[in-house]
Each structure stands twice: as structure tokens, then as C-alpha cells.
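For the numbers below, each heavy atom of this structure counts, side chains included, while hydrogens, waters and symmetry mates do not.
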Amino acid sequence: MPQLTSVTDLTTEGDMRLALAGLRARAQELSRVAEATAQVLATPDGLSTALPAFREFAREAVPRWHFAMLNDSERNDALATALERVVPQHGTVLDIGAGTGLLAMMAVRAGAAHVYSCEANPLMAEVARQVVASEGFADRVTVLACRSDELAVGRELPRRVDAVISEIVDCGLIGEGILPSILHARRELLAPDGIMLPCRARLLGQLLQSENAVNLNRVGSASGFDVSRLNSFATPGHFPIRLHTWPHRTLSEPVELASFDFATDPLGPGERKIEVPVRESGTVHGLVAWFELDLGGGVTLRNSPENVGSHWMQALIPLAEPIEAKADSTMMLNLTWSETSLSLA
């Protein structure tokens, strides 16, 4: 090994070792999954979801938030009402992100002639097929085990659809890839006069003082020891918090951070300079953000901090370093977004 002569050399060496350790951890995980899969396949006559090996990797393949989401009655009722109001009668619909097939069945109930529902997770796609069949919708809902950007008119879809519906949003709106998914569907799969649900969305946010919340994704010292090396694995950009569970102060009123018109906007990565009037003096650790999703038909869905019943948390967009702010001043921030992440500069 070459002799290290500077702090930079030490940092570079440490990064390389962390990267290699990460690859080893990934290889171990893949090996474990392969072994568990082999155990299940070795007993095909007794293949069952009750097998311990199957349950182990199924827990990882099906995120736990599916349960909270499906039990969120406010979300379900809002989507059902909007679909009743905007789905083209006797039209064809593309549902992006089938999950259990709930939105697809709602769309049929609202008057759609046929729904093509795509789901990238093959396990969830099979769940959707079985739910759809058991509810008597198999002749009007086609579940496709693929991403929406893998679909093509004339192949999976007989023609451009009359409506695209989707609810692939995270706490910060864009984290599950709704922007590129909608953009592709709009360009390649939707009829020129087609309906989009949601039709618009905007992000709102407030200046936040909360060391407790920002420390959910960073660390300095613990019991007098510097353990900040772990920060190499902190989530870049925004991450979820349930604001009311952590000590905090909001130092501004809500302001609009960004807005998206899904029918006309470019929906690519972007940035926006934001002026935030400071209401109270304090230490700004970042922005707490939430979305307002315009589903059409006069229906709006939001995950604002006061909506404690929503299964969605809020998004914390941290600053690289805390900034002291004085009441009655204006803080200038630069919000940037990629296809899936929100960041501040």
C-alpha cells in the first residue's frame, strides 16, 4: 500500500475502503437472497408464501408503507372522489404504479372501459392481479409487470390512452419518480386531449429550527467520540420526518417552493431561488416541506404538518450548515431538484 502523506490521502484512502466495504455488504446481501431463493425453489411441490425463506425476502420486496397507505382513508376517499369526477366515461386509462390495483378498480368503478395498470415490482404485480380477479375486474383491468416507461403503444397498449392516473409520490412529492414517469407517459402514451390525474402539484415549506430532526440523518459525536464517518451514508437531499413528533420551531410562514403543471411543464431537473420572510429569530437547519396534490375535480390531497392522520410524513430539506436568522429579515435560498430529490444551497 502506498505511504499516506496528507489528510487528503487519508480521506481518499478511507473513502476507497468504505466503498469496498459497501460492495462486500451488497455482495453478502445478494448471496443471502440467492440462498433463500434456492431453498424455496428446491421444494416446488410445497411452494407457499408461508415458507420462512419466502417470508424473509417478501418482507424486503414489499415496503411496509403499503399497509399504512391502504389504511389512509383520507387518501382513498380523495382519489375515489377525483376519479369519479374526471375519468373519461368508457375511455381507456393507464394507471402508473398498480400497488394492489386499488386505483385501477376505482377507475373502472368511475366509468373507465379498461385500465392498463403497470407495476415494476413483480411481487406486487401478482398481488394486484389476484386482488383484481377476486373483485371481479379481471376483464377490465390488465396488470402489467413493468415500469411505465417500458410500455409502448401498439405493443402493451393498443392505442394512446384517454387518461393517465398515478399517485407515485413521497413525502417531498418527487421522490418516487413522478416527474419523469408523467413526462414519458404524456409524450408517448397519452392521447393529445387526454386527462391527467393528478393535474398539478406544488411544494410548500417553512424555515425549520430542529436539531433533533436534522440529526435523524447526520451525526457528529457520540459519548465523546467522533463518529461522523457514518455521514458518508446519510440520505442525500430530502428525507422523511413526522414533524409533530420532534421538538421544533418554525421560523417563517409557509411559502411556495415549487409548482408543477403535469400537462404542460417540462418536468425535468430544475432550480428556483426562494425568498423567505423570517418571522422569528433562530437557527435555521433547513426547510420542512409538504405537497399539495391537485387531483382534479376540485379535490386536493396534502401532507402538511397539521394533517397528522396522513400516512405521508413531511420532507426535511436540510441545509449543509445551520444559518442564524433574524426576525423581519429575508432569507435567500436556492432550491434544486433532480428527478427524485430536493436539495438546498
Tell me, do Asp15 and Arg229 make a side-chain contact under 4.5 Å, heavy atoms counted?
yes
For residues Glu324 and Thr283, is any side-chain donor paired with an opposing acceptor at under 3.5 Å?
yes
For Gln89, I'd like to know if atom CD has over 12 heavy atoms of other residues, nucleotides or ligands within 6.0 Å.
yes
Applying a strict under-4.5 Å side-chain criterion to I, L, V, M, F, W and Y, I'd like to know whether Trp290 and Leu335 cluster together.
no
Kindly compute the distance separating OG (Ser181) from CD (Glu339), expressed to the nearest 0.5 Å.
8.5 Å
Taking atom CZ of Phe225 as the centre, report whether more than 12 heavy atoms of other residues, nucleotides or ligands fall under 6.0 Å from it.
no
Taking Leu287 as the starting point, is it possible to reach Leu243 by hopping between hydrophobic residues whose side chains are less than 4.5 Å apart?
no
Strictly distance-based, threshold 3.5 Å: is any side-chain N or O of Asp170 a donor or acceptor partner for the main-chain N or O of Gly175?
yes
Side chain to side chain, Thr100 and Leu70, heavy atoms closer than 4.5 Å
yes
How long is the straight-line distance from CZ of Arg218 back to OG of Ser228, given to the nearest 0.5 Å?
11.5 Å
Please confirm whether the backbone N or O of Arg64 pairs with a side-chain atom of His66, one donor and one acceptor, at under 3.5 Å?
no
Atom CD1 of Ile182 and atom CZ of Arg187: how far apart are they, to the nearest 0.5 Å?
13.0 Å
Transitive ILVMFWY side-chain link Phe291 to Met313, under 4.5 Å
no
Does the pair Asp261 and Arg202 meet the rule for a salt bridge (charged side-chain N to carboxylate O under 4.0 Å, His left out), with working shown?
CA-CA 9 Å; Asp261 187 318; Arg202 65 177 187 150; over 6 Å; no
With distance as the sole test, does Asn121 use its side chain to make a donor-acceptor pair with the main-chain N or O of Ala61 at under 3.5 Å?
yes
Do side-chain atoms of Asn307 reach the backbone of Arg302 as a donor and acceptor pair under 3.5 angstrom?
yes
Between the CG atom in Leu183 and the CG atom in Asp265, the distance rounded to the nearest 0.5 Å is 10.5 Å
Is the shortest side-chain heavy-atom distance between Ile174 and Thr340 below 4.5 Å?
no
Determine the minimum heavy-atom distance between Ala289 and Leu257, stating which atoms define it.
CB-CD1, 3.8 Å
Ser252 side chain to Leu207 main-chain N or O, any donor-acceptor pair under 3.5 Å?
yes
On a heavy-atom basis, the closest approach of Val115 and Ala112 is CG2-CB, 4.1 Å
So, for Glu256 and Leu204, which heavy atoms are closest and what is the spacing to 0.1 Å?
CA-CD2, 3.6 Å
Heavy-atom nearest pair, Asn334 first then Lys273, reads OD1-CG, 3.6 Å
Taking the side chain as C-beta and beyond, is there a heavy-atom pair between Leu144 and Glu119 under 4.5 Å?
no
Spell out, as yes or no, whether a donor-acceptor pair under 3.5 Å connects the side chain of Arg242 to the backbone of His311.
yes
Using a cut-off of 6.0 Å, state whether more than 12 heavy atoms not belonging to Asp328 lie near its atom CG.
no
Taken to the nearest 0.5 Å, the spacing of Leu20 CG from Arg24 CZ works out to 5.5 Å
Please check if the number of heavy atoms outside Arg147 that lie under 6.0 Å from its CZ is greater than 12.
no
Chi angles and distances behind the salt bridge (charged side-chain N to carboxylate O under 4.0 Å, His left out) call for Arg32, Glu29:
CA-CA 5 Å; Arg32 186 187 63 79; Glu29 178 64 15; 2.5 Å; yes
Determine whether Asp162 and Val93 make a side-chain contact, defined as any pair of heavy atoms from C-beta on separated by less than 4.5 Å.
no
Identify the two heavy atoms, one from Leu197 and one from Ala82, that lie closest to each other, and give their separation to 0.1 Å.
CD1-CB, 3.9 Å
Is Ser210 reaching over with its side chain to a backbone N or O of Pro247, donor-acceptor style, under 3.5 angstrom?
yes
So, taking the atom named CD in Glu167 and the one named CD1 in Ile96, what distance separates them when rounded to the nearest 0.5 Å?
12.0 Å
Is it the case that Thr142 and His114 place a side-chain donor and acceptor less than 3.5 Å from each other?
yes
Over all heavy atoms of both residues, which pair between Thr264 and Arg186 is shortest? Give the atoms and the distance, please.
N-NH1, 3.4 Å
Compare all side-chain heavy atoms of Tyr116 with those of Asp95 and state whether any distance is below 4.5 angstrom.
no
Side-chain donor-acceptor contact under 3.5 Å, Gln314 with Asn303
no
Do Trp246 and Leu216 have side chains that approach each other closer than 4.5 Å (heavy atoms only, starting at C-beta)?
yes
Measuring only between side-chain heavy atoms, which start at C-beta, is Cys199 closer than 4.5 Å to Phe262?
no
Taking Arg200 for its side chain and Glu292 for its backbone only, find out whether a donor-acceptor pair lies under 3.5 Å.
no
